[in-house]
Peer 1: 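Provided herewith is a single structure, encoded as structure tokens, for subsequent inquiry.
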Amino acid sequence: ALFFDVAGLTVAVPLIELGGIHNITRINTILGKPSWFSGVMLHKEDQFNVVDTAKWVMPEKYDEKLKNSLNYQYIILLNESKWGLCAEKLINTVTLEQDDVKWRDNPGKRPWLAGLVKERMCALIDVDSMISLLDQGLSVHQE
């Protein structure tokens, strides 16, 4: 899994579902999209939909102070989709075993959360569920 940091929260994405990592360049905003949708970033011939990860994952903590403290540097692409999550810092990659994760029994309020990496107490993303929510224009709370 690739571990990255967003607003002090460590998030992990399985490497087999990692679509790539890009440095953030110019993001073109698009009107009429959800507030967590930062815009579209062009990279060569590709277009990626950019998600303000902090706003999407923890909207209850997202305020002006947090917004102003964010220093997004990277886009973490999700699988073969056109979705990318903003990340402030890349931490490292670690091989995880089944027992390293406290897996969720049911999707509950956060279907995008596959489980918690025990040693780091951080979120492991269920990439397919997250892509599905993003495709539907839904936030972390399915709104």
Peer 1: Side-chain heavy atoms nearer than 4.5 Å, only ILVMFWY residues, links allowed to pass through others: does that put Met130 and Tyr62 together?
Peer 2: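 Yes, Met130 connects to Tyr62 through the hydrophobic network.
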
Peer 1: Out of the candidates Leu90, Val11, Thr93, Val117, only one should pair with Phe3 under the side-chain contact (heavy atoms from CB on, under 4.5 Å) rule; please name it.
Peer 2: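 In the set Leu90, Val11, Thr93, Val117, the residue that makes a side-chain contact (heavy atoms from CB on, under 4.5 Å) with Phe3 is Val117.
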
Peer 1: What pair of heavy atoms forms the shortest contact from Ala87 to Phe4, and how long is it?
Peer 2: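 Heavy-atom minimum between the residues: CB-CD1, 3.4 Å.
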
Peer 1: Kindly work out whether a path of hydrophobic side-chain contacts (I/L/V/M/F/W/Y, heavy atoms less than 4.5 Å apart) joins Val101 to Leu15.
Peer 2: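 No.
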
Peer 1: Enter the distance from Leu70:CG to Asn68:CG here, rounded to the nearest 0.5 Å.
Peer 2: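 If we round to the nearest 0.5 Å, Leu70:CG and Asn68:CG are 8.5 Å apart.
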
Peer 1: Is there a path of hydrophobic side-chain contacts, each under 4.5 Å between heavy atoms, that joins Leu9 and Leu66?
Peer 2: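 Hydrophobic grouping puts Leu9 with Leu66.
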
Peer 1: Measuring from atom SG of Cys86 to atom CD1 of Ile24, what distance do you get when rounded to the nearest 0.5 angstrom?
Peer 2: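 Answer rounded to 0.5 Å: 4.0 Å.
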
Peer 1: Considering all heavy atoms of both residues, which atom of Ser129 and which atom of Pro111 are nearest to each other, and what is their separation?
Peer 2: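 Minimum heavy-atom separation between Ser129 and Pro111: CB-O, 3.2 Å.
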
Peer 1: Please test Phe48 against Val40 for side-chain contact (heavy atoms from CB on, under 4.5 Å), starting from the C-alpha separation and ending with a verdict.
Peer 2: CA-CA 5 Å; Phe48 301 113; Val40 174; over 6 Å; no

Peer 1: Is atom CD of Gln73 surrounded by more than 12 heavy atoms (other residues, nucleotides or ligands) closer than 6.0 Å?
Peer 2: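 More than 12 heavy atoms, drawn from other residues, nucleotides or ligands, come within 6.0 Å of this atom.
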
Peer 1: Under a single-linkage definition using a 4.5 Å side-chain heavy-atom cutoff for Ile, Leu, Val, Met, Phe, Trp and Tyr, are Met58 and Trp83 assigned to the same hydrophobic cluster?
Peer 2: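 Yes, one cluster joins them.
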
Peer 1: Could you check Leu124, Asp126, Leu116 and say which one makes a side-chain contact (heavy atoms from CB on, under 4.5 Å) with Trp103?
Peer 2: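 The single option meeting the side-chain contact (heavy atoms from CB on, under 4.5 Å) with Trp103 is Leu124.
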
Peer 1: Tell me the closest heavy-atom pair linking Leu77 and Gly84, and the distance in Å.
Peer 2: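 It is CD2-CA, 3.9 Å.
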
Peer 1: Output the distance between atom CD (Gln136) and atom CD1 (Ile131), rounded to the nearest 0.5 Å.
Peer 2: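 These two atoms lie 12.0 Å from each other.
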
Peer 1: Donor-acceptor pair, Glu88 side chain versus Val6 backbone, under 3.5 Å?
Peer 2: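 No; judged by distance alone, with no hydrogens or angles, the pair does not exist.
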
Peer 1: Which pair of heavy atoms, one from Pro14 and one from Ile125, lies closest together, and at what distance?
Peer 2: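 Closest approach of Pro14 to Ile125: CD-O, 3.6 Å.
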
Peer 1: Compare all side-chain heavy atoms of Ile21 with those of Ile75 and state whether any distance is below 4.5 angstrom.
Peer 2: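 Not in contact.
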
Peer 1: Taking the side chain as everything from C-beta on, heavy atoms only, tell me whether Thr25 gets closer than 4.5 Å to Leu42.
Peer 2: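 In short, these two side chains do not touch, never coming nearer than 4.5 Å.
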
Peer 1: Any sub-3.5 Å donor-acceptor pair from Arg104's side-chain atoms to Arg110's backbone N or O?
Peer 2: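 Looks like yes, one N/O pair under 3.5 Å.
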
Peer 1: Using the side-chain contact (heavy atoms from CB on, under 4.5 Å) rule, take Val13 and Ile76 through it: C-alpha gap first, then chi angles, then the decisive distance, then the call.
Peer 2: CA-CA 9 Å; Val13 63; Ile76 310 297; 4.0 Å; yes

Peer 1: Would you say the side-chain atoms of Asn79 pair up with the backbone N or O of Ser81, donor to acceptor, closer than 3.5 Å?
Peer 2: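 Judged by distance alone, no pair lies under 3.5 Å.
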
Peer 1: Applying a strict under-4.5 Å side-chain criterion to I, L, V, M, F, W and Y, I'd like to know whether Leu2 and Trp112 cluster together.
Peer 2: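 Yes: a chain of side-chain contacts under 4.5 Å links Leu2 to Trp112.
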
Peer 1: So for atom CD, which belongs to Glu80, do other residues, nucleotides or ligands contribute more than 12 heavy atoms lying within a distance under 6.0 Å?
Peer 2: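 Open: at most 12 neighbouring heavy atoms sit under 6.0 Å from CD of Glu80.
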
Peer 1: Which pairs, with at least one residue in residues 43-53 and sequence neighbours excluded, count as a salt bridge (Lys or Arg N to Asp or Glu O under 4.0 Å)?
Peer 2: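 Listed once each, the pairs are Asp46-Lys82.
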
Peer 1: Just how far is it from atom CG of Asn49 to atom CZ of Phe37, taken to the nearest 0.5 Å?
Peer 2: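 Here the rounded value is 4.0 Å.
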
Peer 1: Got more than 12 heavy atoms from elsewhere within 6.0 Å of NZ, Lys118?
Peer 2: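 Enclosed: over 12 neighbouring heavy atoms sit under 6.0 Å from NZ of Lys118.
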
Peer 1: For a 4.5 angstrom cut-off between non-hydrogen side-chain atoms, does Lys89 reach Asn71?
Peer 2: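 Not in contact.
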
Peer 1: Could you note down all residue pairs passing salt bridge (Lys or Arg N to Asp or Glu O under 4.0 Å) where residues 1-26 supplies at least one of them, sequence neighbours left out?
Peer 2: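 Matches after skipping sequence neighbours: none remain.
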
Peer 1: Does the side chain to side chain donor-acceptor pair (under 3.5 Å) test come out yes or no for Gln98 and Asp100, once each step is laid out?
Peer 2: CA-CA 5 Å; Gln98 282 289 114; Asp100 294 337; over 6 Å; no

Peer 1: Between Leu134 and Leu78, is the side-chain contact (heavy atoms from CB on, under 4.5 Å) condition met? List the steps.
Peer 2: CA-CA 11 Å; Leu134 292 169; Leu78 301 176; 4.0 Å; yes

Peer 1: Check whether any side-chain heavy atom of Val50 lies under 4.5 Å from a side-chain heavy atom of Tyr72, and answer yes or no.
Peer 2: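 Counting from C-beta outward, Val50 and Tyr72 never come under 4.5 Å.
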
Peer 1: Is any side-chain heavy atom of Tyr74 closer than 4.5 Å to one of His22?
Peer 2: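 No. Closest side-chain heavy atoms not under 4.5 Å.
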
